[in-house]
Asker: 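Structure provided below as structure tokens; questions to follow.
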Amino acid sequence: MAENLTTHFPKRFSDALKQVAREQGFTEGFYRFQSGSGCNVGDGFAGDLVKVSIRETGRELVVLCKLLPENEIRKQQGVPLFDRESEAYVQILPLLLKFQREKNLPEGLPRFNNVPRCYYAKTTVDKMESVIIMEDLRLQAFRMWDKANPVDFEHARLLMITLGRLHALSFAMKDQRPDEFAQCREFTDPMTTMLALDPKNTFEKMTSSMCRRAIDTLEKHDTFRRRKLEQIQDRIVQEITACVDGKAAEPYAIIGHGDCWSNNMMFQYQEDNQTPKTIKLIDWQLSRYGSPVLDLVYFIFNCTDEELRAHSYQRLLSIYYNSLSEHLHNLGGNVERQFPRSAFRDQLKQFGRYGFLLSMMVMPIICTPNDELPDTDTAMNGIMEENPTGTNEINFVYGTTEKAAIRYRSRMSGCIRDTIRLGYL
């Protein structure tokens with residue numbers, strides 16, 4: 001009996017699974033749940049993943065369940081993010097995808113359908129409870145890129161095409177159905193919410209420390225670039241806040257993924273097992289209404305290397321823009337009117353530094369191989385604890401092993417050089 005086999009699950013989790021089983025046509029009293037670990041070490045930072053099989057004679061449904069961590073500090077930090085992801089899966093993405101369906105695009109025209117199926121998502125902020133239940137993409141041979149290695153051109157190209165289609169949905173709906181789209185404008189940045197819950201300014205101290213660490217990847221004689229970074233090292237939080245302000249990006253603000261790095265996307269491959277053919281964007285916990293360029297620069301500056309950017313940066317931007325233009329046209333819009341190239345260039349100039357600003361926190365994690373990652377609870381506790389020396393240094397333990405430090409120095413210094421070369425800083 002189902003009732004007897006779910007007693008080891010928290011009630012909210014058990015109830016959510018029963019609802020999914022019921023909605024998917026499983027017979028009450030005849031199905032059972034079987035659980036196992038849902039991810040590899042290093043796959044998830046904000047939550048815990050549990051794989052659950054719902055089984056009945058003759059059929060099985062495997063789902064991936066995302067739960068708030070048990071650790072109290074991580075749970076408090078995670079609630080606003082889980083709340084955002086629940087809203088994304090239940091309200092915002094269905095709204096955009098319904099608009100796309102109702103356009104009745106001819107067969108054969110591309111569509112944005114690059115999100116996993118979500119069976120259930122609910123977050124109760126005041127009770128600090130959340131459950132998100134999705135399809136397990138691994139069963140369709142989707143897999144992650146190894147985050148420790150820079151992404152190659154083909155993977156970056158596929159993401160640019162996909163982001164162009166995602167952003168086109170906002171541009172089209174914003175123009176054609178402004179009343180329905182209005183709720184998307186309220187989808188403000190969730191990180192700003194988290195910062196408001198940071199009375200000790202821990203995040204501010206951490207970003208200042210991370211900026212000093214980034215400066216140290218530059219050669220001592222590189223005084224020009226060092227000075228550029230020193231000028232902003234104590235106001236990184238204000239810089240980030242300015243970049244994620246949707247009103248500052250108007251009239252070009254759209255719904256973006258918000259956390260576009262390699263751990264938050266999964267790829268399906270062609271027969272050679274190397275060339276990606278399909279991508280799904282996962283982890284919508286930082287999705288927001290903001291500038292379209294945020295997704296682009298976050299990914300390109302954190303997940304590619306200096307060599308690829310040297311010959312393909314402008315090409316990747318063109319691939320994105322052409323994809324957006326094509327899908328917007330198919331949806332009944334006009335890119336020259338709604339997001340001309342001159343506006344795209346202006347947005348890059350205004351918000352392009354965002355990729356670098358985030359890299360100071362994301363790059364140490366990216367450069368740490370999964371087998372060298374610290375325990376997440378321990379790492380987060382270390383960040384939140386006051387430094388016994390009374391200084392503002394924050395103990396951020398990612399990217400500190402020998403292998404990770406070498407990768408970090410190379411990738412971070414390249415990110416700084418390109419950000420300044422392109423005039424973003």
Side-chain angles (χ1 to χ4, degrees), residues 88 91-115 156-187 243-260 265 277-281 284 287-300 312-352 354-355:
Q91 296 171 27
I92 301 298
L93 288 168
L95 183 77
L96 294 172
L97 294 173
K98 177 172 176 279
F99 169 76
Q100 181 176 245
R101 276 196 310 275
E102 288 173 353
K103 299 305 288 186
N104 292 316
L105 298 178
E107 197 67 38
L109 282 185
R111 291 158 173 75
F112 176 81
N113 58 1
N114 306 84
V115 290
R157 175 182 165 276
L158 185 56
L159 178 67
M160 292 300 111
I161 291 169
T162 303
L163 290 175
R165 292 173 190 160
L166 168 63
H167 296 172
L169 291 177
S170 288
F171 277 114
M173 191 174 185
K174 187 179 186 178
D175 183 50
Q176 297 167 33
R177 299 189 190 169
D179 293 344
E180 284 181 59
F181 187 77
Q183 61 180 291
C184 295
R185 295 177 187 273
E186 306 303 313
F187 220 50
C243 284
V244 298
D245 180 2
K247 288 177 181 167
E250 292 293 21
Y252 307 112
I254 47 82
I255 292 293
H257 178 273
D259 200 9
C260 264
M265 51 198 74
K277 64 176 181 179
T278 316
I279 184 174
K280 296 279 185 180
L281 301 178
W284 290 75
S287 52
R288 68 169 82 83
Y289 182 69
S291 171
V293 307
L294 301 182
D295 282 343
L296 310 183
V297 294
Y298 185 15
F299 173 80
I300 295 174
S312 296
Y313 181 67
Q314 296 301 335
R315 191 174 163 203
L316 289 172
L317 294 182
S318 291
I319 289 166
Y320 161 79
Y321 189 80
N322 292 339
S323 172
L324 185 149
S325 174
E326 179 190 16
H327 199 44
L328 184 54
H329 172 77
N330 292 340
L331 294 167
N334 182 304
V335 80
E336 289 305 324
R337 176 173 61 84
Q338 294 177 257
F339 192 39
R341 282 186 188 273
S342 57
F344 184 30
R345 285 193 294 271
D346 290 344
Q347 293 273 307
L348 283 163
K349 193 173 181 182
Q350 186 175 355
F351 302 109
Y354 182 73

Asker: How long is the span from the CG atom in D346 to the CZ atom in R341, to the nearest 0.5 Å?
Answerer: 14.0 Å
Asker: When you look at N114 and L166, which way does the side-chain contact (heavy atoms from CB on, under 4.5 Å) test go after all the steps?
Answerer: CA-CA 9 Å; N114 306 84; L166 168 63; over 6 Å; no
Asker: State, with a plain yes or no, whether a side-chain heavy atom of N322 is found less than 4.5 Å away from one of M160.
Answerer: no
Asker: Considering all heavy atoms of both residues, which atom of G290 and which atom of A249 are nearest to each other, and what is their separation?
Answerer: C-CB, 4.2 Å
Asker: Quick one: does Y354's side chain get under 4.5 Å of V244's, heavy atoms only?
Answerer: yes
Asker: Check for a donor-acceptor pair, side chain of S318 on one end and backbone N or O of Q314 on the other, with a separation under 3.5 Å.
Answerer: yes
Asker: State the CG-OG1 distance between L281 and T162, to the nearest 0.5 angstrom.
Answerer: 6.5 Å
Asker: If you define the side chain from C-beta out and look only at heavy atoms, does anything of Q100 sit under 4.5 Å from L97?
Answerer: yes
Asker: State whether the side chain of D295 and the backbone N or O of G256 hold a donor-acceptor pair below 3.5 Å, judged by distance alone.
Answerer: no
Asker: Hey, are the side chains of S291 and Q350 touching, using non-hydrogen atoms and a 4.5 Å cut-off?
Answerer: no
Asker: Would you please name every residue forming a side-chain contact (heavy atoms from CB on, under 4.5 Å) with E250, sequence neighbours left out?
Answerer: K174, R185, A253, Y289
Asker: By ring-ring contact (aromatic ring centres under 6.0 Å, His included), which residues pair with H167, not counting sequence neighbours?
Answerer: Y320
Asker: Between CG of L93 and OG of S287, what distance do you get to the nearest 0.5 Å?
Answerer: 7.0 Å
Asker: Taking C-beta and beyond as the side chain, do W284 and D259 meet within less than 4.5 Å on heavy atoms?
Answerer: no
Asker: Are any non-hydrogen side-chain atoms of L317 and I300 less than 4.5 angstrom apart?
Answerer: yes
Asker: Does the side chain of L324 reach to within under 4.5 Å of the side chain of V335, using non-hydrogen atoms?
Answerer: yes
Asker: Could you give the distance from CG (L95) to CD (E180), rounded to the nearest 0.5 Å?
Answerer: 6.5 Å
Asker: Could you list all the salt bridge (Lys or Arg N to Asp or Glu O under 4.0 Å) pairs where at least one residue sits in residues 322-338, not counting sequence neighbours?
Answerer: D175-R337
Asker: Against R288, only a single residue in I254, D245, L294, I92 fulfils side-chain contact (heavy atoms from CB on, under 4.5 Å); can you say which?
Answerer: L294
Asker: Quick one: CG on L348 to CG on L296, what's the gap to the nearest 0.5 Å?
Answerer: 7.0 Å
Asker: Provide the closest heavy-atom pair for Q347 versus P292 in the form atom of the first, atom of the second, distance.
Answerer: OE1-CD, 3.6 Å
Asker: By ring-ring contact (aromatic ring centres under 6.0 Å, His included), which residues pair with F99, not counting sequence neighbours?
Answerer: none
Asker: Which value, rounded to the nearest 0.5 Å, describes the distance between I255 atom CD1 and S170 atom OG?
Answerer: 5.5 Å
Asker: Assess whether side-chain contact (heavy atoms from CB on, under 4.5 Å) is satisfied between K280 and V115, documenting all intermediate values.
Answerer: CA-CA 5 Å; K280 296 279 185 180; V115 290; 5.8 Å; no
Asker: The test is side-chain contact (heavy atoms from CB on, under 4.5 Å); show your working for K103 and N330 and say whether it passes.
Answerer: CA-CA 9 Å; K103 299 305 288 186; N330 292 340; over 6 Å; no
Asker: Evaluate the side-chain proximity of H327 to L169: yes if any heavy-atom separation is below 4.5 Å, no if none is.
Answerer: yes
Asker: Please lay out, stage by stage, how M265 and F299 fare under the test side-chain contact (heavy atoms from CB on, under 4.5 Å).
Answerer: CA-CA 11 Å; M265 51 198 74; F299 173 80; 4.0 Å; yes
Asker: Under the rule for ring-ring contact (aromatic ring centres under 6.0 Å, His included), what residues qualify as partners of Y313, not counting sequence neighbours?
Answerer: F301
Asker: Once ring-ring contact (aromatic ring centres under 6.0 Å, His included) is applied, do any residues pair with F339, and if so which ones, sequence neighbours excluded?
Answerer: F171, Y252, F344
Asker: Can you tell me if R157 has over 12 outside heavy atoms packed within less than 6.0 Å of its CZ?
Answerer: no
Asker: For R315, look at atom CZ and say whether over 12 heavy atoms of other residues, nucleotides or ligands are found less than 6.0 Å away.
Answerer: no
